[in-house]
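First listed ligand is number 1; within each ligand, the first listed atom is number 1. In what follows, residues are counted from 1 in the order of the sequence shown. Side chains included, hydrogens not; waters and symmetry mates left out as well; all remaining heavy atoms used.
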Amino acid sequence: MMAKKPLRLNTILAVASCKCVRSILRHTGKGGGTALPGKVAMKFQKDVLETVSDGVDCIVVTGTNGKTTTANILESALTESGRNVLANKSGANLLSGITAEFCCAADWLGRPKKKVAVIECDEGALKQVAPRIHPRVIVVTNLFRDQLDRYGEVMNTLAQIRSGVEKAPQATLVLNAEDSLVSSLALDVPNRVVYFGLNTPVGDQKPREISDALHCIRCGTEYQYRYYTYAHLGDFVCPKCGYHRAKPDFAVQSIDRMEADGSRVTMKFGGETRPVAIGLPAVYNIYNAAAAIAAYVTFGGEPSEIIRSLKGVHSSFGRMEKFELPRKIMTRAESGNPAAAADATAAGMNAVVPVRMILVKNPAGCSQTIAYLCGLAEDFQLVICLNDRTADGHDISWIWDADYEKLAACSHLREIWVSGDRAEELRLRLKYAGVKTNRIHLEKDNAKLLAMMQESSLPVFVMPNYTSMLALRKVLSDATGKKAFWEKQ
Ligand SMILES: [Zn+2]
């Protein structure tokens, strides 16, 4: 039972100011993802998050890649099984954003109206968030090099997560067994730990493209691998001290089918083997699905509930989002070809151009996206956007670690447009990767990019990083009438 808390004026002021500021920001079109409402709330009561989350049963998802997708899968499954779930959908995953989310989900006295929460949390913010919301489950998806100039290197990120875990000894940790960095979180902590992973190799088993964790975290010896799944993930063992991959409690036994729109796998957990259909493509989403199943069952949910919602799960904000852009057929004057419009109609072209946007923010995610694109069975156009603003990380040297070389050999890729503040570097990177220069177009004007997409006879894929995604998303949303993400139900 919850202890009865005395009414606090500062809590009421904190909640009220948070709700008001957020409402004003939304009505003035400033967006729901800003830090301001939470910051204002914390001015009135520094630890307001502790008050407004009191008694809420929480799952926290952190890690470099897949946080949003994993959290969305969990939220869908909980919602579809009848729970009223609080989630920070807009991607505001720092202390201020999470505070705002809980304040806005509380009544005017600061009492939570929802009993269950799925919170995506930034790796660096976990140490502030975990001790305030007392999560029952903490999921760590993976750890890759990301936004170097904000966090320093990957070991520093690991240390930040560890310090968050240490402040939540009550939480069960749900860890990626194939990530030697993530699974090391289980060393020397009192928490209960469950592992998820792939009992099967993936891909061509070439040496790792990116080495975020070459050496044993305990003794510094180079790991040996029985197999790889992607990047530094795989069945690792240290030949010197014996530190090795833990046996996953939630294991993908086999990948039975992988297609552009999803995968079918066989999973083993709780002594049973079950077929699982995942409505999202690529290996990294198999990991996200496994993480979500592990977290859901650990949280006390029925396996059948999450397996059901995994089948129908949609891509989350920015990570593989689909837009149906009305196709614009060039007029005679524009195209210089009087027959163009007639040809297009005669060819039975659809009235819409499918545009799929995949957020890419680090070399591992980028290489995975490229591998996914190269596995497609139809021709497509590609737009790559790279900004170097504060939210992206100013250091964009990571593009040299990503596997753009695969694009040069990708048989269905037609043309590439490069855009964003650092389009020139991207063009240079592609040139070094072996992509023919006459196939690379530099276009920094989003309106012109949109026009190109509208006139495309082929599906378009867009690979932006964070701030360039926000800008492009606005252009695409305006053109398709799609609502802004914070208005999404
Ligand atoms: Zn070792």
- request: Assess whether atom CZ of Arg356 is packed by more than 12 heavy atoms of other residues, nucleotides or ligands within 6.0 Å.
  value: yes
Excluding waters, which are neither shown nor counted, protein N/O/S atoms under 2.8 Å from the Zn ion (ligand 1) come to 4
Which label fits Tyr243 and Phe236: parallel for a plane angle under 30°, tilted from 30 to 60°, or perpendicular past 60°? tilted
Q) Thinking salt bridges, do Arg245 and Glu178 make one under a 4.0 Å N-O criterion? A) yes
_In the structure I gave you, are the side-chain heavy atoms of Val202 and Tyr228 within less than 4.5 Å of one another anywhere?_
no
Side chain to side chain donor-acceptor pair (under 3.5 Å) pairs touching residues 129-141, sequence neighbours excluded, are Glu50-His134, Asp57-Arg136
Charged N-O contact under 4.0 Å between Arg389 and Asp392:
no
